[in-house]
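I have placed the structure first, in the form of structure tokens, so that the comments after it can refer back to it.
Read the numbers this way: they start at 1 and go in the same order the structure lists the ligands and their atoms. This chain uses plain numbering: 1 for the first residue, then up along the sequence.
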Amino acid sequence: MGTKRRLTTVETVHEEGSWLFTIRDEYGEPDEAILVPCEDGVEGWINRCTHEAQRLDVGRGAAMRNGQIICPRHGSMFDSCSGYCDNGEAADTTLPSVAVAVDDGVVYLTDDDVEYLHDGQITGDEDDDGPASTSHISF
Ligand code: FES
């Protein structure tokens, strides 16, 4: 088992509608992810539309309606529980998931492929955070 990293609470995600955080992906690059309400729990998705490289949450919270995340660029809607889109430009695609788990109302990042960096959007300072010797992996 990988490490469990505390992110926030289920209550916060439900109150705010979505919750944005920055990760380091499996290639060592910073990326953004969102938590969204799914029924009584939460799900985690990469914060990027599958159609074009459009953030779903541009920093003000993702637009949500009826359990769906709405892409701000062309309006495709993704199911917050499955990540699947059946409409518009992004039809027949699924958002890449970020594995999370809930324990006693607290949301933990459990995805072994990514590393939590900080809450909120990518700031540009991400490479200053990690140990320099591991910040770039050769191809
Ligand atoms: S960029 Fe999201 S639907 Fe086009």
Any donor-acceptor N/O pair, T110 side chain to K4 backbone, under 3.5 Å: no
Check for me: within less than 2.8 Å of atom 4 (Fe) of ligand 1, which protein N/O/S atoms show up? H51 ND1, H74 ND1
When clusters are formed from ILVMFWY side-chain contacts under 4.5 Å, directly or step by step, what else is grouped with Y108?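 So far as hydrophobic clustering goes, Y108 is joined with V106.
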Apart from I70 itself, residues in the same hydrophobic cluster as defined by side-chain heavy atoms under 4.5 Å: M77
List the atom pairs, with distances to 0.1 Å, where a side-chain N or O of residues 91-100 and a protein N or O form a donor-acceptor pair under 3.5 Å, not counting sequence neighbours.
{"unit_1": "D92", "atom_1": "OD1", "unit_2": "Y84", "atom_2": "OH", "d": "2.4"}
{"unit_1": "T93", "atom_1": "OG1", "unit_2": "T50", "atom_2": "OG1", "d": "2.5"}
{"unit_1": "T93", "atom_1": "OG1", "unit_2": "A90", "atom_2": "O", "d": "2.6"}

Evaluate the side chain to side chain contact (heavy atoms under 4.5 Å, CB included) criterion for residues E126 and H118: first the C-alpha distance (whole Å), next the side-chain angles of each, then the deciding distance (0.1 Å), finally the verdict. CA-CA 9 Å; E126 280 73 19; H118 56 77; 2.7 Å; yes
For E11, does the CD atom sit with more than 12 other heavy atoms under 6.0 Å from it, leaving out its own atoms? no
